[in-house]
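Okay, so here's the structure we're looking at.
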Number of protein chains: 2
Amino acid sequence: MENAVDTRTDGPENRQYLGLRDGISARISAGDLKPGDKLPSERQLQSEFGLARGTIREALFLLEAEGAIFRRDRSGWYVSPPPVVYDPTRWEGFMSYVEAQGRVPATHTIRTETLPADPLLSEVFSRPLGAPLHHIRRLRSVDGRAVLVEKLIVDAAITPDLLDFDLNTSLTAILKRKFGITVARNQISMQPCALTGNEAVDLKQKSGLPGLALQRVSYDGHGRVVEYDHEYWRHDAVQINVDLRVR
Amino acid sequence: MENAVDTRTDGPENRQYLGLRDGISARISAGDLKPGDKLPSERQLQSEFGLARGTIREALFLLEAEGAIFRRDRSGWYVSPPPVVYDPTRWEGFMSYVEAQGRVPATHTIRTETLPADPLLSEVFSRPLGAPLHHIRRLRSVDGRAVLVEKLIVDAAITPDLLDFDLNTSLTAILKRKFGITVARNQISMQPCALTGNEAVDLKQKSGLPGLALQRVSYDGHGRVVEYDHEYWRHDAVQINVDLRVR
DNA sequence: TAGTCATCATGGTCTAGACCAATTGCAGAT
DNA sequence: ATCTGCAATTGGTCTAGACCATGATGACTA
């Protein structure tokens with residue numbers, strides 16, 4: 001960081017945090033800072049640019065919102081790696097499609113339990129109230145960075161001993177090999193959101209990080225609901241690609 | 001705002017902006033504040049809760065990220081309306097699907113021009129370099145609030161006098177009725193993003209507002225590229241629903 | 001060698017101001 | 001009634017501190 005960037009735009013447009021953003025942004029584009037690199041600390045930037053810490057942070061927040069950098073709590077700011085591409089129509093599981101993009105996927109199972117169906121889930125699965133359902137909460141990472149939290153619900157009636165298998169591998173593969181279940185149709189809903197509460201905690205992020213919430217209902221060839229899934233992605237970790245015939 | 005909320009959680013978890021967020025959030029859930037209502041000014045909240053303005057703003061930013069409130073520059077903070085649902089597989093145009101949800105859509109054409117194809121666009125449209133393409137930039141609103149900026153590109157060879165029509169109506173309808181063109185397939189890519197630069201300006205938002213960027217390539221029945229579209233949505237204005245057969 | 005613990009650096013939270021720029025609302029003029 | 005322009009209000013930007021909570025580090029211990 002020896003070459004200080006001139007952040008003075010010196011016009012009616014004198015928003016200093018924009019200048020600082022452009023400066024850091026330029027260093028990233030130029031390759032001075034590469035994905036995974038640590039930025040100077042806020043206090044270093046402060047003395048380097050002669051700005052108050054609040055202004056420095058404003059610029060960092062903006063870069064974070066743009067997906068250019070991310071933070072590790074009380075460790076520092078880092079340059080973001082590129083996002084992974086996710087095509088819901090070619091669903092072969094997280095592990096395989098992340099690997100196919102030359103990245104290293106990992107899955108950590110946070111909790112599993114079998115619970116009786118509440119009214120909503122009873123409706124979704126077309127099963128009686130109280131029917132047993134497997135709940136699985138997993139954290140998934142790319143290249144060592146946690147990128148999404150997943151809450152999976154599967155009908156225990158058709159996958160009785162599912163929780164006995166190693167859930168840190170591909171669930172798709174388990175369903176196919178152990179239970180002969182394949183997915184034929186997905187109904188997907190997604191919204192940009194803020195990651196808060198448990199999701200923020202599991203991703204080790206401050207509450208409020210932008211994210212993408214995705215809900216999926218998966219059906220097998222007979223129209224039976226196989227899986228009900230809630231995913232919470234970091235906003236900077238994913239790009240969705242789909243190819244659709246219009247109805 | 002007569003019943004002041006007690007924001008003191010008074011524990012190890014004493015992050016006052018979280019308490020304030022919960023307080024405002026509760027008022028919205030309870031119906032004390034309805035969509036479109038204006039919140040008290042930051043300085044009023046300041047004296048009401050006895051917090052520094054920075055802390056008040058922290059809470060407001062969080063609520064904004066959650067999609068609960070939005071701001072109008074130097075006017076105030078307002079409670080967000082519910083998002084519109086958008087199904088890319090049932091594309092009948094913005095106007096009709098927003099209306100179908102009981103909302104009032106509007107379109108404002110910002111600029112139109114016909115430009116020669118650059119290398120990228122030449123590739124996308126499978127047309128020679130320099131072939132004429134219509135560029136259309138539009139701003140679309142729901143219930144009077146600008147929710148998305150759209151940059152459309154259409155092959156001028158198959159829609160010669162397109163720009164002479166009223167582009168504040170449905171483009172889908174114009175393509176169908178005037179040129180006999182219908183869309184059979186869409187290739188869609190989307191990422192959560194930050195709205196900056198021109199997009200932020202057109203939406204009258206401060207740079208950095210979370211958004212959803214969506215690119216679409218539309219093909220007709222012969223596999224010909226009909227339309228190349230870039231959309232930038234406010235994050236709190238849209239929910240995507242798709243129903244997919246898995247390949 | 002492996003584990004423990006104190007220390008330090010870092011981001012997270014908060015205060016208490018200041019001034020600026022755009023919007024809004026009102027008073028007055030036409 | 002409509003327009004104009006001023007003044008107040010509001011959010012936007014910025015400063016200069018303070019203290020806290022957690023992660024990282026390195027020295028020390030078992």
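Chain A is the first sequence line, chain B the second, and so forth, proteins listed ahead of strands; every chain is numbered from 1.
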Using a cut-off of less than 4.0 Å, is there contact between a side-chain N or O of [X] and OP1 or OP2 of [N]?
X: Y17(A); N: dT13(D); answer: yes
X: S75(B); N: dT10(D); answer: no
X: K206(A); N: dT13(C); answer: yes
X: Q16(B); N: dC14(C); answer: yes
X: R71(B); N: dG12(D); answer: yes

In whole Å, I'd like the distance from the [atom1] atom of [X] to the [atom2] atom of [N].
X: L45(B); N: dT10(D); atom1: CG; atom2: P; result: 11 Å
X: E58(A); N: dA16(D); atom1: CD; atom2: C1'; result: 17 Å
X: I56(A); N: dA16(D); atom1: CD1; atom2: P; result: 12 Å
X: Q46(B); N: dT15(C); atom1: CD; atom2: P; result: 9 Å
X: Q205(A); N: dG23(D); atom1: CD; atom2: P; result: 12 Å
X: L39(A); N: dA9(C); atom1: CG; atom2: P; result: 19 Å
X: R21(B); N: dG12(C); atom1: CZ; atom2: P; result: 16 Å
X: F61(B); N: dT13(C); atom1: CZ; atom2: C1'; result: 14 Å

Consider the side chain of [X], meaning its heavy atoms from C-beta on, and name the nucleotide among [options] that approaches it most closely.
X: S41(A); options: dT10(C), dG11(D), dT13(C); result: dT10(C)
X: R43(B); options: dC14(D), dC19(C), dG12(C); result: dC19(C)
X: R57(B); options: dG12(D), dG12(C), dA16(C); result: dG12(D)
X: R74(A); options: dA21(D), dT15(C), dT10(D); result: dA21(D)
X: D73(A); options: dC14(D), dT10(D), dT22(D); result: dT22(D)

Is [X] salt-bridged to [Y], going by a charged N under 4.0 Å from an acidic O?
X: D236(B); Y: R145(B); result: yes
X: E58(A); Y: K206(B); result: yes
X: E150(B); Y: R137(B); result: no

Legend entry - Base of dG11(C) paired with side chain of R72(A) (donor-acceptor, under 3.5 Å): no
Inset, instruction - Record whether the side chain of R53(A) comes under 3.5 Å of the base of dG12(C) through a donor-acceptor pair of N or O atoms. - result: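 Yes, the side chain and the base share a sub-3.5 Å donor-acceptor pair.
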Inset, instruction - State whether a side-chain donor-acceptor pair under 3.5 Å links E66(A) with T196(B). - result: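 No, no side-chain donor-acceptor contact under 3.5 Å.
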Inset, instruction - Take the angle between the ring planes of Y86(A) and Y97(A) and call it parallel below 30°, perpendicular above 60°, tilted in between. - result: parallel
